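Below is one structure, written out as structure tokens; comments come after it.
Order of the sequence lines sets the chain letters (A, B, ...), proteins ahead of strands, with each chain counted from 1. Note that the coordinates shown come from a computational prediction; the quantities given were computed from them, not determined experimentally.
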2 protein chains.
Amino acid sequence: MVSIHQRIFEDIEARIIGGIWQPGHRIPFEHELVQEYQCSRMTVNKALSALAERGMITRRRKVGSFVASRQIDRTVMDIQDISTEAELAGHDHSYRILLRKIETLDAATAAHLGEEKGAEILRLHCLHTVDGKPNALERRIIMLAMVPSARTESFASVPPGKWLLDMVPWSKARHVIRAVSADAATARLLETARGEACLTLIRQTWQMSHTVTHVEIIHPGDRFQFAGDFHPTERGITDQLPRRSLS
Amino acid sequence: MVSIHQRIFEDIEARIIGGIWQPGHRIPFEHELVQEYQCSRMTVNKALSALAERGMITRRRKVGSFVASRQIDRTVMDIQDISTEAELAGHDHSYRILLRKIETLDAATAAHLGEEKGAEILRLHCLHTVDGKPNALERRIIMLAMVPSARTESFASVPPGKWLLDMVPWSKARHVIRAVSADAATARLLETARGEACLTLIRQTWQMSHTVTHVEIIHPGDRFQFAGDFHPTERGITDQLPRRSLS
DNA sequence: TGTATCAATTTGTATAGACAAAAGCGGGTC
DNA sequence: GACCCGCTTTTGTCTATACAAATTGATACA
């Protein structure tokens, strides 16, 4: 049993996706759809508002609603904590702390993070192993002012990524994905060749304009990839499945 | 002037993001919020439904609404057509067709695409140049059954990515990002060293379960990266800015 | 000609009321 | 105990109505 709301939404969506209504096409006025579907204007309005929120149509008072101009090629990636992700995919995961040290921010790093020089940080290096093979090198900075409890946490039983995710809410995240060649030290740790292509994910998260953490995760290119699906059709971005996969 | 709807939405959102209400916390019932905000239940309901659609809360009849369990580390990337993207960033863009050939699908490629062997395809290879330096190598397959007009299109003035975006609506896209080392031919075309780390984007788009196109775009790793921001706070995924940037 | 004003149209937001659907709870029966 | 039934609570959807805000188009006027 589908609701009227849903029926209107999907009918219009299908006509847009199917190319029957091209970008720029004016879709019927609310009162016309009220006639067509024999329902109240509120119901039509909610359906059209939902389509507008999704970016499929744009609406202007007194003018009407129009099929949005261009399909943007967008993808949604769930970038998860390594351990969670490995477990979801049914792989073994373990990790080893290589370095754990409290420092103060030097000028260059501070500028790079957009924070004040001299702030206290926890620097963590971590090697992740999946199914017995080294899979990622994690280099992390945690701002101790934002996460005071990290000062006494050993991270012996819970990996830092997971610990932070459960511990600190964030309001903004930035991700950068790069391809880099492994230097000698990285290659040795990841048990791969020097110069091997590596997929690097850099993530910085903020809470209310203060950096919480900055992390660089380096994967050997022959053992990792990022994948993401996008359906313009889907209800919410929440019914996506985990997207990062072992290759 | 903000609407009541918006005020409710943002108040609750702020309490979740700020960590005042932890995951699992039961947020007030609709009738309680009606009291608190002195508005009708419809208004409260719409605000809570919007939060649920966004994945910040989950709702269950008779039980209540709860702060969603775990923050997923998600990012939204707009992966645009190379020319559009370069122009937006204020760079010059040109391209050259290296190969344009109509073929039939061999068994291996067909299996890889999830399509039938023997289907007619247009194979296109294309070198993109940004600000005078080679920036991407594009290897594309277009299913002629889905895009018959591609048969006679020369792609001399409009690059294939842009042409397809304007021409054919799609209902699903899949993206994969990889790091690979350049082989000799690729390195020569991209004017980089053999073995250099390259960032590869693979994209396959479908319309109603039929493949429209499959493309592999190889960027030299020292000249390219993908970047994406995610604000759990934002209204829609549509007010995102272009995300892929020249490094 | 240009400009201010007004009316009409369309979307945006809100209300109060109604009933349906899901799910927990308790009571009775076997 | 297990099972069934009905009561209650909470969310889900819909209606009819109302007024506000934005914008267009027409009209009046300098």
Side-chain angles (χ1 to χ4, degrees), chain A residues 1-16 21 23-69 234-239, chain B residues 1-16 21 23-69 234-239:
Chain A
M1 209 47 224
V2 291
S3 60
I4 305 181
H5 174 110
Q6 218 172 103
R7 228 172 60 225
I8 300 175
F9 186 102
E10 286 171 2
D11 282 3
I12 294 177
E13 183 188 51
R15 274 177 277 200
I16 294 175
W21 286 346
H25 176 92
R26 209 207 78 227
I27 75 178
F29 295 129
E30 294 190 350
H31 67 260
E32 294 174 306
L33 292 170
V34 164
Q35 282 300 313
E36 187 180 337
Y37 288 92
Q38 290 292 308
C39 65
S40 77
R41 189 171 80 87
M42 268 303 294
T43 307
V44 170
N45 182 285
K46 273 186 71 174
L48 294 191
S49 302
L51 282 163
E53 170 107 356
R54 195 67 58 76
M56 306 205 67
I57 66 176
T58 58
R59 317 190 70 198
R60 274 176 53 216
R61 281 167 164 147
K62 162 80 185 177
V63 185
S65 307
F66 300 84
V67 177
S69 54
E234 262 168 25
R235 281 279 132 186
I237 57 171
T238 46
D239 27 53
Chain B
M1 206 49 222
V2 292
S3 59
I4 305 181
H5 175 110
Q6 217 172 104
R7 228 170 63 223
I8 300 176
F9 187 103
E10 286 170 4
D11 282 4
I12 294 176
E13 183 187 50
R15 275 177 275 199
I16 295 175
W21 285 346
H25 176 93
R26 210 209 76 227
I27 75 177
F29 294 128
E30 294 190 351
H31 67 259
E32 294 173 306
L33 292 170
V34 164
Q35 283 300 312
E36 185 180 338
Y37 288 92
Q38 289 293 307
C39 64
S40 76
R41 188 171 80 87
M42 266 304 292
T43 306
V44 169
N45 183 284
K46 275 185 71 174
L48 294 190
S49 302
L51 282 163
E53 171 106 354
R54 196 67 60 75
M56 307 206 64
I57 65 175
T58 57
R59 317 190 68 200
R60 273 176 52 217
R61 281 165 164 147
K62 163 77 186 179
V63 185
S65 306
F66 300 84
V67 177
S69 54
E234 263 166 25
R235 281 280 131 185
I237 57 172
T238 46
D239 27 53

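- Closest of all the heavy-atom pairs between A/Ser65 and A/Arg59 is OG-NE, 3.0 Å.
- Protein atom CZ of B/Arg7 is 14 Å distant from nucleotide atom P of C/dT13, rounded to whole Å.
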Sort me out a list of protein N/O and nucleotides 10-12 of chain C N/O pairs below 3.5 Å, or just none if empty.
unit_1	atom_1	unit_2	atom_2	d
C/dT10	O2	A/Lys62	N	3.2
C/dT11	OP2	A/Glu30	N	3.2
C/dT11	O2	A/Arg61	NE	3.2
C/dG12	OP2	A/Arg59	NH1	2.4
C/dG12	O4'	A/Arg61	NH2	2.7
C/dG12	N7	A/Arg41	NH2	3.4
C/dG12	O6	A/Arg41	NH2	2.5

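- When every heavy atom of B/Pro23 is checked against every heavy atom of B/Ala68, the shortest pair comes out as CB-O, 3.5 Å.
- Rounding to the nearest 0.5 Å gives a distance of 8.5 Å between CZ of B/Arg15 and NE2 of B/His25.
- Spacing between atom NE2 of B/His5 and atom P of C/dT13 amounts to 8 Å, rounded to whole angstrom units.
- The side-chain contact (heavy atoms from CB on, under 4.5 Å) test with B/Leu51 is passed by exactly one of B/Ile27, B/Ile8, B/Ile12, B/Thr58: B/Ile12.
- Rounded to the nearest 0.5 Å, atoms OG1 (A/Thr43) and CD (A/Gln38) are 12.0 Å apart.
- In this structure, the separation between NE2 on B/His5 and CE on B/Met42 is 10.5 Å, given to the nearest 0.5 Å.
- Chain B approaches DNA chain D within less than 4.0 angstrom (heavy atoms of the protein), and the contacting nucleotides run 5' to 3' from D/dT8 to D/dC14.
- Side-chain atoms of A/Glu32 come within 3.5 Å of backbone N or O of A/Phe29 as a donor-acceptor pair.
- One atom, CZ of B/Phe66, and another, P of C/dG24, lie 10 Å apart when rounded to the nearest Å.
- When the P atom of C/dA14 is taken as reference, atom OH of B/Tyr37 falls 13 Å away, rounded to whole Å.
- Contact check for A/Tyr37 versus A/Asp11: side-chain heavy atoms found under the 4.5 Å cut-off.
- Within the 4.0 Å cut-off from OP1 or OP2 of C/dT13, not a single side-chain nitrogen or oxygen of B/Thr43 is found.
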